[in-house]
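Note sheet for the following structure.
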Amino acid sequence: MGATLKMLIDGALVDGESTLDVVNPATAKHYATVACASAAQADAAIAAAKKAQPAWAALPFKTRAEYLVKLADALDGKAEDLARSLVQEQGKPLPEAQAEIAYAAIFLRSFAAMELPVEVLQDDADLKVEMHYRPLGVVVGIAPWNFPVLIAFNKVAPAILLGNTMVLKPAPTTPVTTLMVGELAKEILPPGVLNIIVDRNDLGAHLTSHPDVAKVSFTGSTATGKKVAASAASSLKRLTLELGGNDAGVVLDDVDVKKVAKGVVDSAFMNAGQVCIALKRLYVADEIYDEMCDELAKLVSDLQYGDGLEQGVRVGPLQNEMQYKKAQAYLEHAANDGKIIAGGTTGDGEGYFIRPTVVRDIDDASPLVQEEQFAPILPVLRYSDVEEVIERANDTNLGLGGSVWSSSIDRAYDYAQRIDSGTVWINHHTHFAPHIPFGGSKESGIGVEFSTHGLSEFAQKSVISINRR
Ligand code: NAD
């Protein structure tokens, strides 16, 4: 990619006070250079958002919804360019990148069709009491590197629909495609409504503690989420935190092994395992453990890894060097703590490749089981007592998702209700959609995104009470 991509501040595409080089993880070589903001430019973005907010909030709700639809149309119009850029900065296979861009447009349209009308809570001779959903003001959106565009615009859509304005900050290793969408947004949205700045992992605290910011919508690791909560505390900013997960899948003894193995692989190896709601630990009943391990080893050995632009590739590289090094450490744990039955080494080539890996006979105490691996390495654990396995599944500080797999929905439903997580799937894993609230229990987050529940987190619930006596 040639020219330095610019940031979007106050309706203008601007250079940064410095630049940032972005690496293609499939080659470990330079892919693009982007503008990078100083603290003064972050302040300028917040000031632009603050200035634009009253006029934006004064527009009819329907007009703001029409802007979202125009943005969705623009994404669809540039979908192929955006998807190819996403592959080169993020690493995922092209079909997954195409799906990410398509989903970002779908989410924009879905939010545009939602409403939060005034709710009448009481209407009688004594009182009329209404609840209004008012904009909060300036919202800061902070995105991670695993789904840079989808996660960013899942924050932009509800925030600006409700009359807030926004400063969006992508992760430093994946800013390119987000800035390309910024170029599109410049032609559509009024100045200041959406500002996009890039940092080198140094402006997060500045943005989340800024006195003119009313809300922070953050997606990233649990460790960083705790820092965001601490820095937002000084002015009690509204917070939505979507954080890490270590999702367990529990397979009961009555399943069709081949069918379940395919569903497990589709979840655990999507985006090279770098999905917050990927299946990250698989617990399998003793009676079918060997058969399941054999089937998983066969399917995973057949997964083609490589550059996401190559046809047929199912698993791309890890997104960045730091994650690649973490994944290598998990491979060592896999070798020491269990038996590797597929993959088990780094891949060929210069890029950050890990061969898709399955590990059996591994202990619950292994870091590969205890921690979020965020890598294409699946531990498969054995159980004989289903009551006890629910306890093992819940024995974590995280609670984003989980799943139960069974031929009997009634059996699965009973156990599903006992898994402590924001979502529990039965006979699938990782499904999400704009109309379904999404969030984590325990240290996987605070609040929800998507649906009118998620939308309402971008509003101040404000009561008007009229005395009629
Ligand atoms: P990260 O926490 O390292 O970074 C996320 C973002 O926070 C980046 O934009 C980063 O620049 C920014 N940041 C860094 N320091 C900050 C600070 N002090 N204050 C504010 N922002 C700061 O996370 P990551 O490694 O990019 O993403 C991977 C993690 O995200 C995984 O744990 C994954 O499970 C989680 N995740 C969660 C969800 C969800 O919806 N729950 C979705 C995707 C990813």
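Throughout, numbering of the chain's residues begins at 1 and tracks the sequence. Numbering of ligands and ligand atoms starts at 1, following listing order.
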What part of Leu207 sits under 4.0 Å from ligand 1 if we count only heavy atoms: the side chain, the backbone, both or neither?
neither
Option from Val404, Ile277, Leu279 for which side-chain contact (heavy atoms from CB on, under 4.5 Å) with Trp425 holds
Ile277
Should the pair Lys226-Glu443 be classified as a salt bridge under the 4.0 Å nitrogen-to-oxygen rule?
yes
Quick note on ligand 1: atoms under 4.0 Å from a heavy atom of Val228 include exactly 19 (N), 20 (C)
Judged by non-hydrogen atoms, does Gly440 sit under 4.0 Å from ligand 1?
no
What I want to check is whether the side chains of Glu100 and Gln90 have a donor and an acceptor closer together than 3.5 Å.
no
For atom 4 (O) of ligand 1, is some protein heavy-atom partner under 4.0 Å away?
no
Determine, using heavy atoms of Phe147 and all atoms of ligand 1, whether some pair is separated by less than 4.0 Å.
no
For atom 22 (C) of ligand 1, which candidate among Thr208, Asn246, Asp202, Thr224 holds the nearest heavy atom?
Thr224
Side chains of Ser85 and Thr177: any donor to acceptor distance under 3.5 Å?
yes
Between Arg314 and Asp266, is there a salt bridge with N-O shorter than 4.0 Å?
yes
Should the pair Arg392-Asp364 be classified as a salt bridge under the 4.0 Å nitrogen-to-oxygen rule?
yes
Thr219 N/O to ligand 1 N/O under 3.5 Å
no
Do NZ/NE/NH1/NH2 and the carboxylate oxygens of Lys169 and Asp199 come within less than 4.0 Å?
yes
Using a strict threshold of under 4.0 Å (side-chain N to carboxylate O), is an ion pair present between Arg109 and Asp76?
yes
Atom 27 (O) of ligand 1: the protein heavy-atom neighbour that sits closest, reported with distance to 0.1 Å
Pro144 CB, 3.4 Å
For atom 18 (N) of ligand 1, which protein heavy atom lies nearest, and how many Å away is it?
Lys227 CD, 3.9 Å
Can you pull out the closest protein heavy atom to atom 12 (C) of ligand 1? Residue, atom name and distance to 0.1 Å, please.
Ile142 CG2, 3.7 Å
Looking at ligand 1, would Pro172 count as a contact under a 4.0 Å heavy-atom criterion?
yes
Element-labelled atoms of ligand 1 that are located less than 4.0 Å from some non-hydrogen atom of Phe438
40 (O)
Where is the nearest protein heavy atom to atom 25 (O) of ligand 1: which residue, which atom, and how far?
Trp145 NE1, 3.0 Å
Any idea which protein heavy atom is nearest atom 20 (C) of ligand 1, and the distance to it?
Gly204 CA, 3.3 Å
Any idea which part of Ala143 is under 4.0 Å from ligand 1, heavy-atom wise: side chain, backbone, both or neither?
backbone
Protein heavy atom at shortest distance from atom 30 (O) of ligand 1
Gly220 C, 2.9 Å
Carboxylate-amine/guanidinium proximity below 4.0 Å for Arg238 and Glu457:
no
State, to 0.1 Å, how close Ser421 and Gly401 come at their nearest heavy-atom pair, and which atoms those are.
OG-C, 3.5 Å
Can you list the atoms of ligand 1 that are under 4.0 Å from a heavy atom of Leu400?
41 (N)
Among Ser209, Ala229, Ala152, Cys276, closest by any non-hydrogen atom to atom 38 (C) of ligand 1
Cys276
So, 4.0 Å and heavy atoms of Pro170: is ligand 1 close enough to count as a contact?
yes
How are the rings of Tyr103 and Phe107 set to each other: parallel, tilted or perpendicular (split at 30° and 60°)?
tilted
Among all protein heavy atoms, pick the one closest to atom 23 (O) of ligand 1 and tell me residue, atom and distance.
Ser221 N, 3.3 Å
Side-chain (Arg281) to main-chain (Pro379) donor-acceptor, under 3.5 angstrom:
no
Top protein contact for atom 32 (O) of ligand 1, by heavy-atom distance
Glu372 OE1, 2.7 Å
Just jot down the side-chain contact (heavy atoms from CB on, under 4.5 Å) partners of Leu184, sequence neighbours excluded, or say none.
Ala74, Lys78, Leu82
Taking the minimum heavy-atom distance to atom 14 (C) of ligand 1, which of Asn146, Ile151, Val448, Asn201 ranks first?
Asn201
